Amino acid sequence: PNFQAQLSPLQQQQLMQNMEQMQMKDSLTMYTRLVDRCFGSCVTSFRSKSLDKSEIACAENCASRFLKMTQRVGLRFAEHQAMQQQRATAAAGGAAVTGGN
Amino acid sequence: DRTFSRQTPLRPQINRDQQIPLTVAMNFFGAQETQPKGPDPLFAATSEMEMYADLFQKISGTCFQKCASRKHKDGDLALGEMACTDRCVSKYMEAMEKVGAVLQQANEQQAQQQQNLQQMQQSWGGAR
């Protein structure tokens, strides 16, 4: 938000590109992180080489729940950011143009 | 005025307050810019975006750890878990503001100390 506004159009394009690259890298690391998390909470015994039914169900549920929680956090996060921006523009003297940052 | 409670939380401090007087002075005297310029704005913007992505990841992880039962008996979040998530995010953001305020104060103190030191050094230099 604050730094972004100071960039030239070309730089903004470059920023978007950087963001895309970052998102791609992020989705890969998110995958391994999620696996690690769900393995950690679901798989606790090693009597067998393969997962038993309850472990599979747990892992699938874990992944599903984490994704749903991520969505929810995203909503709240965006709400909070919007509220903060509103507060900032209001504090800066309401006559400022709203929208666009 | 840079109070953290008004701006985006945890805006990275780049000690602009110290660099601005120097570049202004140099431009005024038409000096060659032999000193390195301030941080690249594209880098700053990219870093800020990365910070938000990292922050989002951290909140998701922490709130999942604190709110979601590890039994994972169902594929959906329970009502209580969803309410917990909302409160978790809200508290996290508030904690960020508070911590950010402390951090900013420390930064200002440090900048003030450095300024005092510079002034002292200048006055010693003048006395010689």
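As the structure is a prediction and not an experimental result, all values here were calculated from the model. The chains referred to below are lettered A, B, ... by the order of the sequence lines, with proteins before strands, and numbering in each begins at 1.
For the pair A:R65 (side chain) and B:S69 (backbone), a donor-acceptor distance under 3.5 Å is present. Looking only at distances, no side-chain donor or acceptor of A:Q21 sits under 3.5 Å from a matching main-chain atom of A:N18. Using modelled atom types, one side-chain atom of A:T89 and one backbone atom of A:Q85 make a donor-acceptor pair closer than 3.5 Å.
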Requested in this report: Before giving the answer on side chain to side chain contact (heavy atoms under 4.5 Å, CB included), spell out for B:M93 and B:I59 the whole-Å C-alpha distance, their side-chain angles and the decisive distance to 0.1 Å.
Outcome: CA-CA 9 Å; B:M93 304 298 270; B:I59 296 182; 3.9 Å; yes
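No part of A:C38 comes within reach of chain B, as not one of its non-hydrogen atoms sits under 4.5 angstrom from that chain. Proximity to chain A is absent for every atom of B:D54, based on heavy atoms less than 4.5 angstrom apart. For B:Q57, the part lying under 4.5 angstrom from a heavy atom of chain A is the side chain only. Using a 4.5 Å cut-off between heavy atoms, A:L15 touches chain B through backbone and side chain atoms alike. Of the two parts of A:Q11, the backbone and the side chain both hold a non-hydrogen atom closer than 4.5 Å to a non-hydrogen atom of chain B. If you measure heavy-atom distances from B:D76 to chain A, the contacts under 4.5 Å come from both the backbone and the side chain. Of the two parts of B:T62, neither the backbone nor the side chain holds a non-hydrogen atom closer than 4.5 Å to a non-hydrogen atom of chain A. For A:M69, the parts lying under 4.5 angstrom from a heavy atom of chain B are both the backbone and the side chain.
To the nearest 0.5 Å, atom CZ of residue B:F56 and atom OG1 of residue A:T70 are 5.5 Å apart. Taking OG of A:S41 as the reference point, atom CZ of A:F66 lies at 10.5 Å (rounded to 0.5 Å).
A continuous path of ILVMFWY side-chain contacts below 4.5 Å connects B:Y52 to B:V89, so both sit in one hydrophobic cluster.
For the set A:C62, A:A57, A:C58, the entry with the most heavy-atom pairs within less than 4.5 Å of chain B is A:C62. Highest contact tally toward chain B, considering only A:K68, A:R72, A:M22, is held by A:R72 [criterion: heavy-atom pairs under 4.5 Å]. Comparing B:C67, B:G61, B:S90 by heavy-atom pairs within less than 4.5 Å of chain A, the highest count is held by B:G61. Contact count versus chain A (heavy atoms, under 4.5 Å) is highest, among B:M82, B:E81, B:K73, for B:M82.
A salt bridge between A:E79 and A:R76 is present, with a side-chain N of the basic residue lying under 4.0 Å from a carboxylate O of the acidic one.
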